[in-house]
Every structure is written in C-alpha cells, then in structure tokens.
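Okay, structure first, notes after.
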Protein chains: 2
Amino acid sequence: MKPITLKDIAHELNISVTTVSKALKGYSDVSRVTKKAVKKMAKKLNYTPNSVAVNLRTQETKTIGVIIPAIVHHFFSNVIDGIIKEAKKQGYLVITLQSNEKLEFEKKQLKLLQQHRVDGILISLSNETYQFDHINAILQKNIPLVMFDKIGKLVNCSKILIDDKQAAYEAVSYLIDKGYKKIAHFRGALKPQNSIDRFLGYKKALQDNGIEYDQSLVYICDNNDDFNNGYKYAKKMFEQHKNVDAVFTVTDVVAYGILKYCNENNIKIPDDIAIFGFSNWFMSSIVTPKISSVIQPSFEMGKKATKLLIKEIKNKKSKTPVTFKKVVLPTSLAIREST
Amino acid sequence: MKPITLKDIAHELNISVTTVSKALKGYSDVSRVTKKAVKKMAKKLNYTPNSVAVNLRTQETKTIGVIIPAIVHHFFSNVIDGIIKEAKKQGYLVITLQSNEKLEFEKKQLKLLQQHRVDGILISLSNETYQFDHINAILQKNIPLVMFDKIGKLVNCSKILIDDKQAAYEAVSYLIDKGYKKIAHFRGALKPQNSIDRFLGYKKALQDNGIEYDQSLVYICDNNDDFNNGYKYAKKMFEQHKNVDAVFTVTDVVAYGILKYCNENNIKIPDDIAIFGFSNWFMSSIVTPKISSVIQPSFEMGKKATKLLIKEIKNKKSKTPVTFKKVVLPTSLAIREST
DNA sequence: TTGTACGCGTTATCAA
DNA sequence: TTGATAACGCGTACAA
C-alpha cells in the first residue's frame with residue numbers, strides 16, 4: 001500500500017497535479033470550489049505530503065543534526081531536551097548521533113549528517129578532538145554549524161558555552177569567603193578544556209585570595225569512573241593531608257564518591273570537610289547532606305544553540321552575511337548543606 | 001557554494017551522469033579506467049552523495065523515528081543509547097521526538113515522522129494514551145512500528161517490554177524470603193500499566209506467601225515529584241504504621257525519598273526497615289546504604305527494539321509476510337545493602 | 001483559474 | 001562499456 005501522492009488526488013478529481021499542489025498550499029489563484037474539493041479529497045485519502053520530495057525540491061530538509069559524546073549523561077540529555085523542544089517549535093526535526101568521545105566516530109557522524117543534507121549541525125566535541133579539519137570542512141561548505149559546551153577555540157564558527165574558569169572561580173571563592181582555607185581540587189583529565197578551565201578557576205581563586213596553591217592538593221580523576229575516583233582519592237587525600245577543610249570537584253559524581261567515603265568514615269560534612277560540586281546533578285539535592293554545586297544551564301544551552309543555528313540557517317537562505325557569535329551563558333551557585 | 005553532484009563529476013570528466021553513478025557504486029559494467037577516474041574526481045571535488053535524492057529514488061530514508069515521553073530520564077536515555085547504537089550499526093539514523101506524556105503531542109509527532117517518511121517507528125506510549133487510533137492508522141499504512149516499555153496491549157504490532165508484574169513479584173518475594181513480614185508499597189499513579197503491574201506483582205507475592213494484603217500499606221505516588229513523594233509518604237507511613245519492616249517502591253527515586261526521611265529520623269536501613277526499588281538507577285549503588293533494585297535492561301531494550309524494527313522494515317521490503325513478535329526481556333534483582 | 005513543462009539528484013532500464 | 005531516458009513526488013515560472 002503506497003502512500004498517497006498529489007497525483008492520486010489529482011487523478012481522483014480529474015485535475016492537474018499543479019492545481020492540487022497549489023490548492024493544498026492555499027495559493028490565491030485557485031478557485032474556492034476546487035480548493036475545497038482538493039482538501040476534502042486529501043483528507044479522505046489521508047494524504048501526507050512526502051517531505052523527501054519537498055526536501056529535494058526546496059533544497060532543505062528541516063532537519064538538524066546533533067553530535068554529542070554520549071546521551072546517557074545528565075548534562076547532555078538535558079541539552080538534547082532543549083534542542084528537541086526548540087527545534088520542534090521552529091518546525092525542525094533532530095537527528096542525534098554520539099561520538100563516544102572518539103574523534104574517528106565524530107568524523108564519521110559528521111559525514112553522515114552531510115549526506116543526509118541536514119540544514120545545520122550542533123556539536124559538542126569529543127575529548128579526543130584537538131584537530132579540526134573535519135569541522136572546518138563543514139564550515140567551508142557553508143553548512144551552518146554551532147559548537148556548544150565542548151568547543152574548539154581555534155575554529156571560526158558560532159559557539160555557546162559557559163565560562164568554566166569563572167564558574168569554578170566563583171565556587172572556590174565562595175568556599176574561601178566561608179572561611180575554608182585548605183581547599184583541595186578533584187579535577188578531571190588533563191586535556192579537556194572544561195577540566196583545564198575549572199582547574200584554572202580554582203587556582204586563580206586561591207591566588208586572588210592570598211592562599212598558596214599546593215599541587216599536592218590536586219587529584220586527577222582521569223578514568224571514566226568518576227564515582228570511584230572520588231571515593232579513591234578521598235581516601236588518599238585524607239591519608240596525605242590531615243587538615244584539608246574543603247574540596248571542589250570537577251563534577252558532582254566525583255563529589256558523591258567523596259561523600260560516600262566520608263559517610264563511611266564518620267567524617268562530618270561540612271564540619272570536617274566541605275564539598276562543592278559542579279554541574280548540579282539532580283541527585284545533589286537529594287543526597288545527605290545535599291551537595292552545593294555549580295548550576296550549568298544545560299537545557300538553556302540546548303535551546304540557545306538551536307536558536308542560533310536556525311538563525312544561521314535562515315541567514316544563509318536569505319544570503320545575509322554570516323557573523324559568528326560567541327555566547328557565554330551565566331552559571332550560578334546552588335548553595336546547600338555541604339558547604 | 002552548492003554541494004557537488006554527480007552531474008558536476010560527469011561534466012568534469014566529459015562522461016554521462018549514469019556512468020558516474022555506476023562507477024561510484026562499483027557496477028561491473030564500467031571499465032576499470034573510468035571507474036578510477038571517477039573515484040579520483042569524486043574525491044578531488046569532495047563529493048558527498050545526496051541522500052535526499054537517493055531517498056526519493058529508492059523510497060526509503062534509512063531513518064527511524066523514536067517517540068518517548070521524555071529524554072531526560074535515566075531509563076529512556078539508556079534506551080535511546082541502545083537505539084542509536086544499533087541503528088548506527090545497521091546504517092540507520094535516528095530522529096528522536098518527545099510526547100511529554102501528552103497524547104496530543106504523540107499524535108503530532110507521529111504525523112511528523114510520517115511526513116518525513118521514516119522507514120519505521122519506535123514508540124513508548126504517553127501516560128495519557130488509552131486509545132490507539134493514531135497508532136493503528138500507522139499500522140494500517142503498513143509502516144513498521146514497534147512498541148517498547150509502555151505498550152498498548154490491544155494494539156496488534158510487535159512489542160518489547162519487561163514483565164513488570166513478575167519483576168515486582170520477585171522483588172517482594174525476595175523480601176519475604178528474607179523474613180520481612182509487613183511490607184508496604186509505594187506505587188505509581190493509578191492508570192499507567194507499569195504502575196498497575198508492579199502493584200499486582202506486589203500483591204500476588206504477598207498472597208502466594210500467605211501474607212494478608214493490607215490496602216493501608218499502599219501509598220500512591222501520583223504526582224511527578226517522585227523524590228518528595230517518597231519523603232512525604234515515608235513520614236506518613238511511619239506515623240500510621242509502627243511495625244512496617246520493608247517497602248517496595250515503584251521506582252528508585254521514590255526510594256531515595258524514603259532513604260532521606262530515614263536518615264533524618266535515625267531510622268536504620270535495613271535493620272528498622274528494608275527498601276527495595278525499581279529500575280536500578282545509577283545512584284542506587286552510590287547512596288548510603290546502597291539500595292536494592294530491580295534491574296530493567298534499558299539499553300538492551302533499545303537495541304532489541306531496533307533490531308526488531310529493522311527486521312520488519314526489511315521484511316516489508318522483501319514482501320515477507322509480517323509476523324508480530326512480543327518480546328519479554330528478563331529482569332533481575334540487584335541485591336544491595338538496603339535489604 | 002488551470003495546466004504544461006521543467007528541475008531538484010539519483011538510480012534503473014534499455015538501447016546503442 | 002557507455003549513455004539516453006524515465007521516474008521518484010513535489011513546487012514554480014510561465015503559458016494558456
């Protein structure tokens with residue numbers, strides 16, 4: 001049972017395909033009578049326009065492609081939520097692809113999206129991506145592309161992100177203002193920019209407040225098991241340092257690991273040690289004690305990135321000259337029981 | 001800068017479009033020489049085939065559509081992960097749409113997917129969906145559709161799900177075997193099938209083990225704030241019943257609420273009360289104490305559903321007669337410190 | 001007001 | 001071994 005086409009309707013009514021097409025799109029040069037008849041017949045046959053044909057004809061697919069490292073992630077699933085909702089509002093569909101933190105996959109997915117002629121692409125780079133030929137190739141083809149969260153600083157395109165350094169700076173400054181003096185940092189892997197920036201924010205906050213930076217207070221959580229990293233390094237930290245009074249972590253899950261260790265070893269939070277996380281996972285307001293955290297506007301980021309992208313798509317269509325934007329979304333601090 | 005087409009390559013080499021097409025697809029009736037030349041030129045011009053045109057020609061889009069209630073959800077994001085990965089493996093792209101638990105949206109999204117001529121559809125129904133005209137319309141058009149998790153029992157199509165009743169039965173039976181006697185149930189809303197089935201499993205386990213069912217031990221968590229429901233009804237339960245020794249919850253987040261209440265009120269888990277959750281959220285192995293939970297194979301469900309769907313797509317193409325399958329995935333129990 | 005003709009980029013058929 | 005032609009379904013400039 002093949003889908004109904006304009007031809008079927010035309011045939012049924014003994015008129016031309018053109019007239020049917022025009023009638024359905026409400027053109028003014030079709031008589032009311034035929035318009036009505038066409039619409040009625042379309043409904044009767046349960047006609048659904050074939051987007052593929054429209055796409056080919058109009059040279060746009062009303063589809064945007066998204067590449068993220070992984071969808072099973074509090075932050076990214078929220079971003080995707082924002083993307084899908086904004087796209088829907090503007091009549092676009094969303095194809096989601098994962099790079100799984102592999103540059104190789106990222107390249108493949110990018111090619112796939114190109115083949116499918118998506119109207120634009122949203123991408124958050126993999127941790128492996130330090131070279132941008134594949135991205136630049138897209139841009140050179142004049143395909144709208146917006147980077148979010150994990151961006152490439154050297155790439156010339158629109159970007160939307162948070163100021164990780166500043167956010168970390170604020171969190172650590174808050175700790176210092178609260179009177180904490182010996183503040184450890186459980187940082188992420190060495191290469192990702194987010195991880196670096198949060199570390200730099202931590203460091204700067206110390207320095208600006210006259211606290212000497214102590215490298216031995218920085219623990220690197222560089223495998224993918226954040227929770228166990230937190231637990232493991234908490235143990236190590238308490239063995240190595242007697243008087244640490246606060247920890248700032250690169251992400252909340254690391255903080256949960258620390259929390260676990262503290263609970264098990266009767267270390268009181270925040271009395272013995274304060275904990276400040278990053279990303280404000282849902283769980284942070286649920287665990288005992290509730291964990292303070294940096295609020296990243298994930299949903300908002302998805303929405304804004306999509307808005308920006310669709311704007312660029314439209315600019316391209318209307319041949320408006322491109323101007324790339326860099327949007328830095330504000331973060332804020334969720335202060336809870338742990339600090 | 002328009003994308004390169006076959007025509008461009010043909011023009012460049014002074015041969016026909018047909019030959020270029022054949023050469024690129026490795027047809028045997030093209031000379032080695034021209035094949036080489038064509039491929040070289042394609043690479044040089046950075047040719048990417050236009051899927052839209054291919055789609056129109058071949059009448060398939062190599063795309064599947066997915067409709068879920070919400071993507072920001074531990075279970076569903078895992079399902080989507082499974083879907084995307086399996087789809088990718090088989091050369092399909094995935095368009096994700098959300099119903100936000102609204103029947104109205106579900107209908108709209110279904111129509112959208114139809115317009116875009118996806119090759120097949122995966123759907124997990126909204127909580128509002130008790131009437132299936134929109135689904136049946138799709139099936140009547142012979143568009144492959146597979147339901148997962150939240151299915152409509154009355155719809156005649158392939159389904160993939162878990163046996164909620166059985167899973168709940170096993171969890172509660174485990175509690176009983178462990179010696180717990182007065183077991184409460186924090187159930188979900190009244191209408192969703194999952195919620196009903198889990199409740200029925202709870203009830204049956206009691207009855208099969210000679211424990212009288214006590215309706216006052218069942219609390220209904222029917223707004224969307226599971227965590228606070230858990231907290232709120234934990235308080236209520238402890239006020240109303242002195243000697244409850246275990247709780248089985250419809251989902252882990254409710255259990256976290258109970259946990260919170262217990263921690264705050266110095267109620268020992270599992271000594272004073274055991275807690276058994278459902279869905280095995282990531283956090284359940286992290287909180288203190290770790291919460292026992294029913295393991296739902298979410299990733300697996302996505303993968304299997306996609307496999308099934310693509311098989312149906314292929315059957316349709318090869319005109320193999322359709323046979324609908326109902327796959328029940330096994331669940332298991334993650335036994336932890338809370339029981 | 002209606003319809004003819006063409007093109008979007010590709011593939012399949014058939015003839016050369 | 002190659003290519004002309006038609007077709008997928010639709011939209012639009014133009015002619016009638």
Side-chain angles (χ1 to χ4, degrees), chain A residues 1-39 41-42 45-63 112 114-119 141 143 317, chain B residues 1-39 41-42 45-63 91 114-119 141 143 317:
Chain A
M1 207 178 45
K2 291 236 166 172
I4 304 298
T5 68
L6 292 183
K7 208 199 255 174
D8 297 322
I9 300 178
H11 189 75
E12 210 67 29
L13 296 172
N14 263 318
I15 56 176
S16 78
V17 171
T18 307
T19 308
V20 175
S21 172
K22 285 180 181 170
L24 287 176
K25 304 196 76 190
Y27 273 48
S28 57
D29 61 351
V30 181
S31 75
R32 250 153 263 148
V33 191
T34 40
K35 245 184 212 169
K36 214 170 222 171
V38 168
K39 285 186 177 165
M41 182 58 68
L45 298 180
N46 200 359
Y47 168 73
T48 337
N50 184 334
S51 295
V52 177
V54 177
N55 294 345
L56 184 59
R57 181 64 242 240
T58 59
Q59 298 287 61
E60 55 174 4
T61 55
K62 287 286 183 182
T63 302
L112 264 180
Q114 241 181 105
Q115 282 184 212
H116 270 256
R117 295 295 188 269
V118 294
D119 293 340
K141 293 189 181 180
I143 299 173
K317 233 177 21 182
Chain B
M1 208 177 49
K2 291 233 164 172
I4 304 298
T5 69
L6 292 181
K7 207 197 254 177
D8 297 322
I9 300 178
H11 188 77
E12 210 67 30
L13 296 171
N14 262 317
I15 55 176
S16 78
V17 171
T18 309
T19 306
V20 175
S21 172
K22 285 179 180 169
L24 286 177
K25 303 195 81 189
Y27 275 47
S28 59
D29 61 351
V30 181
S31 75
R32 248 153 264 148
V33 190
T34 39
K35 245 184 211 168
K36 214 170 223 171
V38 167
K39 286 187 177 164
M41 183 57 71
L45 298 180
N46 200 359
Y47 169 73
T48 337
N50 184 335
S51 295
V52 178
V54 177
N55 294 344
L56 182 60
R57 184 60 241 240
T58 60
Q59 298 287 59
E60 53 173 7
T61 56
K62 288 288 186 178
T63 302
Q114 242 184 103
Q115 281 183 213
H116 270 256
R117 294 295 187 269
V118 294
D119 293 340
K141 292 191 182 180
I143 299 173
K317 230 171 32 175

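Labels below follow one simple rule: chain letters A, B, ... track the order of the sequence lines, proteins then strands, and each chain is numbered from 1.
The interatomic distance linking A:His116 (NE2) with C:dG9 (P) rounds to 17 Å, in whole Å. Straight-line distance from the NZ atom of A:Lys36 to the C1' atom of C:dT2: 20 Å, rounded to whole Å. Between A:Asn14 atom CG and C:dG3 atom P there is a gap of 9 Å when expressed in whole angstrom units. The nearest whole Å value for the distance from the CD1 atom in A:Ile15 to the C1' atom in C:dT4 is 15 Å. Distance CG (A:Asp8) to C1' (D:dC8): 13 Å, rounded to an integer number of Å. Residue B:Asn55 contributes atom CG, which lies 13 Å from atom P of C:dA12 at whole-angstrom precision.
Take B:Lys317 and apply the salt bridge (Lys or Arg N to Asp or Glu O under 4.0 Å) test, not counting sequence neighbours, and it matches B:Glu60. When the side chain to side chain donor-acceptor pair (under 3.5 Å) test is applied to A:Thr61, the partners found at least two apart in sequence or on another chain are A:Asp119. Residues passing the side-chain contact (heavy atoms from CB on, under 4.5 Å) test with B:Leu56, sequence neighbours excluded: A:Val52, A:Ala53, A:Leu56. For A:Thr18, the side chain to side chain donor-acceptor pair (under 3.5 Å) test picks out no residue, with sequence neighbours left out.
Among pairs with a residue in residues 16-34 of chain A, those fulfilling salt bridge (Lys or Arg N to Asp or Glu O under 4.0 Å) read A:Lys22-A:Asp29, at least two apart in sequence or across chains.
Judged purely by atom type and a 3.5 angstrom limit, A:Lys35 uses its side chain to pair as donor or acceptor with the backbone of A:Tyr27.
Between D:dT2 and B:Thr19, no contact under 4.0 Å exists linking OP1 or OP2 to a side-chain N or O.
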Nucleotides 9-16 of chain D: protein proximity per nucleotide (B base, S sugar-phosphate only, - neither; heavy atom, under 4.0 Å): BBBBBB--

